Amino acid sequence: MTFFEKPPLAVVIDLDDTLYPQSAYLYGASRAVGRAGAAAGLDQVRLSRAVRRQLVAGSDRGGTIDRALAAYGIGPDLAADLIPTLVAAFTAYRPRRLPGYPGARDALAAISARYPVACLTDGNPAIQRAKLAATGLTDAFAAIVITDELGGRTLRKPHPEGLRQVAEMLGVHPSDLVVIGDRPGKDMAVAAALGARSIRVRTGEYADAPDAPPATACVPDLTAAATLLGV
């Protein structure tokens, strides 16, 4: 029996920190920046660590490379010359493999066997598709919507357009969706905006963030979410 009195008609799942730990991607990307910095005469290890510290402080704040160079001790003039090369190294990083959370692959397979499942994710489209490929989960989804492909950063969650697109692609009304994700301010908020239900997983960078807005249900991970969905 499902947790919900009225079972959903489809399920929407976030990518970063829901299916896999985004820290694994960010670690590799920071090393790529370090290698690019070494080619410009900077200390590779020191720069990589500076980038990681900024990412830990907030992975979607923007200006990560700028702040890392400032922390490294690079002045504004030299930083202006370095930033384009280092940003390019960050965005061009393509992991060969990303580890999923324990049980996530089996949970996703179980959910997909019962419901149409879509992935709704924010970010640079090339990076997000590379992450999906590295997790080996691309084929698990009936639909994939990367909000930046719809209109750039302005349409990232909690903007409802991405979820509207998912509902249309799956052929259901948004209120018949359940959204699973790790960030209340994005995943739970976008669900609430269109009357969908939501399941929060307490994994990743935002595991201890306040429940604002609250989810319909809160669980430790995707395996527990699958159990709530009756699979």
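If you read the sequence from its start, that first residue is 1, and numbering goes on from there. Side chains are part of it too, since the values below use all heavy atoms of this structure and drop only hydrogens, waters and symmetry mates. Remember, predicted model here, so these are calculated numbers, not experimental data.
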With heavy-atom distances below 4.5 Å as the criterion, would you say the side chains of [X] and [Y] are in contact?
{"X": "M169", "Y": "V145", "answer": "yes"}
{"X": "V12", "Y": "V178", "answer": "no"}
{"X": "L229", "Y": "Y115", "answer": "yes"}
{"X": "S23", "Y": "E205", "answer": "no"}
{"X": "V179", "Y": "I199", "answer": "no"}
{"X": "L82", "Y": "L42", "answer": "yes"}
{"X": "P95", "Y": "L98", "answer": "yes"}

Measure across [X] and [Y] and return the closest heavy-atom pair with its distance rounded to 0.1 Å.
{"X": "R202", "Y": "C218", "answer": "NE-SG, 3.3 Å"}
{"X": "V166", "Y": "A118", "answer": "CG1-CB, 3.6 Å"}
{"X": "A212", "Y": "P184", "answer": "O-CB, 3.6 Å"}
{"X": "A133", "Y": "T138", "answer": "N-OG1, 3.6 Å"}

Rounded distance [0.5 Å steps], [atom1] in [X] versus [atom2] in [Y]:
{"X": "L47", "Y": "Y72", "atom1": "CG", "atom2": "OH", "answer": "6.5 Å"}
{"X": "I111", "Y": "L228", "atom1": "CD1", "atom2": "CG", "answer": "9.5 Å"}
{"X": "I180", "Y": "L19", "atom1": "CD1", "atom2": "CG", "answer": "9.0 Å"}
{"X": "D43", "Y": "S48", "atom1": "CG", "atom2": "OG", "answer": "8.5 Å"}
{"X": "T135", "Y": "L15", "atom1": "OG1", "atom2": "CG", "answer": "6.5 Å"}
{"X": "I127", "Y": "L132", "atom1": "CD1", "atom2": "CG", "answer": "12.5 Å"}

Listed partners of A10 passing side chain to side chain contact (heavy atoms under 4.5 Å, CB included), at least two apart
P116, L170, V172, L177
Check side chain to side chain contact (heavy atoms under 4.5 Å, CB included) between T147 and all other residues, then give those that pass, not counting sequence neighbours.
L120, D122, R156
Indicate yes or no for a side-chain donor-acceptor contact from D187 to the backbone of D182 under 3.5 Å, with no hydrogens or angles considered.
yes
So does T91 get a backbone contact from the side chain of R94, meaning a donor-acceptor N/O pair under 3.5 Å?
yes
For [X], which residues count as a side chain to side chain donor-acceptor pair (under 3.5 Å) partner, sequence neighbours excluded?
{"X": "R46", "result": "none"}
{"X": "N124", "result": "none"}
{"X": "D66", "result": "none"}
{"X": "D14", "result": "T18, K157"}

Scan for salt bridge (Lys or Arg N to Asp or Glu O under 4.0 Å) pairs involving residues 162-175, sequence neighbours excluded, and state none if there are none.
E161-R164
With sequence neighbours excluded, give me every ring-ring contact (aromatic ring centres under 6.0 Å, His included) pair touching residues 138-190.
none
Excluding sequence neighbours, so at least two apart, what forms ring pair (Phe, Tyr, Trp, His ring centres under 6.0 Å) with Y101?
none
Sequence neighbours excluded, the answer for ring pair (Phe, Tyr, Trp, His ring centres under 6.0 Å) partners of Y93 is Y25
Would you check, one step at a time, whether the test side-chain contact (heavy atoms from CB on, under 4.5 Å) holds for V117 with S112?
CA-CA 6 Å; V117 179; S112 299; 3.7 Å; yes
What donor-acceptor contacts under 3.5 angstrom involve side-chain atoms of residues 28-39, with partners at least two apart or in another chain?
unit_1 : atom_1 : unit_2 : atom_2 : d
S30    : OG     : L26    : O      : 3.3
S30    : OG     : Y27    : O      : 2.7
S30    : OG     : R52    : NH1    : 3.3

Does L86 share a hydrophobic cluster with V45, counting links as ILVMFWY side-chain heavy atoms below 4.5 Å and allowing steps through other members?
no
Honestly curious: do L9 and V231 fall in one hydrophobic cluster under the side-chain, below-4.5 Å linking rule?
no
Considering residues, nucleotides and ligands other than D139, do more than 12 of their heavy atoms fall under 6.0 Å from its CG?
no
For residues 188-196, run the donor-acceptor check on the side chains, cut-off 3.5 Å, and write out each pair with its distance to 0.1 Å, sequence neighbours left out.
none

Qualifying residue, where the test is side-chain hydrogen bond (donor to acceptor under 3.5 Å, both in side chains) with E149 and the options are R129, Q165, Q128:
R129
Could you tell me whether [X] and [Y] have a side-chain N and a carboxylate O separated by less than 4.0 Å?
{"X": "K6", "Y": "D176", "value": "yes"}
{"X": "K131", "Y": "D16", "value": "yes"}
{"X": "D211", "Y": "R200", "value": "yes"}

